[in-house]
Amino acid sequence: MAFSKIFFFFPLLLSILFIISPVFCDNDEEDDLLKGINSYRASLNLTSLTTNENAECLADELAEEFKNQPCTNSTGANTVPGTEPQFANYPNILAKCHLNVSVTRDGAVMPACVPNLAPSLVLTNFTQSQYSENLNETKYTGIGIGSEGDWIVVVLTTNTAEGNYATATTTATTSAANSVSEIIIIYHLLLLLMAAFYML
Ligand SMILES: *[C@@H]1O[C@H](CO)[C@@H](O)[C@H](O)[C@H]1NC(C)=O
Ligand SMILES: *[C@@H]1O[C@H](CO)[C@@H](O)[C@H](O)[C@H]1NC(C)=O
Ligand SMILES: *[C@@H]1O[C@H](CO)[C@@H](O)[C@H](O)[C@H]1NC(C)=O
Ligand SMILES: *[C@@H]1O[C@H](CO)[C@@H](O)[C@H](O)[C@H]1NC(C)=O
Ligand SMILES: *[C@@H]1O[C@H](CO)[C@@H](O)[C@H](O)[C@H]1NC(C)=O
């Protein structure tokens, strides 16, 4: 009957919204920066960078680590290459993102701190700083962007085995948070399936 159809249709709608929501909830600053970087590359006749999920994960996790550090002249885009703050838990962060050092070696990690992530400053912090050296490179093909607070982190990947950020098969630890969200997604898929059967 009509009422019981609504009873199933509503959770179905919620499930659809839930599954597609990450697509729409993507951060504006990150989207803007990705577009800006790809326009910059297009202006240099370089290929545009495509999103790499594991690099995106790493960028998010690193932004989380940087979040509580203040913007100073010694951090972010003003950092001398190779002297970026190192995190003791870096191996754990890599593992959480299904990565290991052998697939990230040729990538580039570029943190920047910009108060309120003002879009024009964020883009120039990458295109008009030492980081432009990386953005000018033909070898980079993939990108991941993460932001937290005033921090935005860009991770560049290559299409070689040493820098493609491919999911590592030998990582021992998987993130509990990831398994939880996987379970939630499976639950919603099951709901969808049930609803689909009911409506047949
Ligand atoms: C990009 O390619 C166009 C057409 O081939 C050329 O006119 C332009 O000078 C190139 N720009 C750069 C920065 O190489
Ligand atoms: C950073 O700030 C300190 C103190 O304000 C100053 O002495 C130093 O020269 C600055 N470094 C750069 C690279 O601007
Ligand atoms: C980078 O951002 C800082 C603010 O954190 C700003 O003062 C600086 O001018 C920016 N640098 C570039 C090259 O855009
Ligand atoms: C990257 O390319 C741009 C445009 O050709 C140039 O202005 C900039 O200096 C280059 N960056 C580096 C670090 O060489
Ligand atoms: C890293 O992951 C790759 C791909 O799964 C694997 O071939 C390699 O042995 C791993 N290296 C280390 C040091 O765990």
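Keep in mind it's a predicted model, so treat the numbers as computed, not measured. Read the numbers this way: they start at 1 and go in the same order the structure lists the ligands and their atoms.
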One line per pair, note the atom names and distance for all nitrogen or oxygen contacts under 3.5 Å between ligand 4 and the protein.
| unit_1 | atom_1 | unit_2 | atom_2 | d |
| --- | --- | --- | --- | --- |
| ligand 4 | 2 (O) | N136 | OD1 | 3.2 |
| ligand 4 | 2 (O) | N136 | ND2 | 2.3 |
| ligand 4 | 11 (N) | S132 | OG | 2.8 |
| ligand 4 | 11 (N) | N136 | ND2 | 2.9 |

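- Looking at every heavy atom in both residues, A168 comes nearest to N100 through CB-ND2, 3.6 Å.
- For ligand 3 and P115, the ligand atoms under 4.0 Å from any heavy atom of the residue are 4 (C), 5 (O).
- A donor-acceptor contact shorter than 3.5 Å is absent between the side chain of W151 and the backbone of C71.
- Under the 4.5 Å side-chain criterion, counting only non-hydrogen atoms from C-beta, M110 is not in contact with V153.
- Y40 and N136 form a side-chain donor-acceptor contact under 3.5 Å, judged by distance and modelled atom types alone.
- For ligand 3, one of its N or O atoms has an N or O atom of C113 under 3.5 Å away.
- For D150 (side chain) and N116 (main-chain N/O), a donor-acceptor pair under 3.5 Å exists by modelled atom type.
- T51 places a side-chain heavy atom less than 4.5 Å from the side chain of L34.
- In this structure a side-chain-to-backbone donor-acceptor pair under 3.5 Å is missing from E29 to P119.
- At a 4.0 Å cut-off, not a single heavy atom of C71 sits close enough to ligand 3 to count as contact.
- For ligand 3, the atoms sitting less than 4.0 Å from at least one non-hydrogen atom of N125 are 1 (C), 2 (O), 3 (C), 10 (C), 11 (N), 12 (C), 14 (O), numbered in the order shown with element in parentheses.
- F66 has its side chain out of reach of E148: every pair of non-hydrogen atoms, C-beta onward, lies at least 4.5 Å apart.
- Within ligand 3, the atoms closer than 4.0 Å to a non-hydrogen atom of V114 are 2 (O), 5 (O), numbered from 1 in the order shown.
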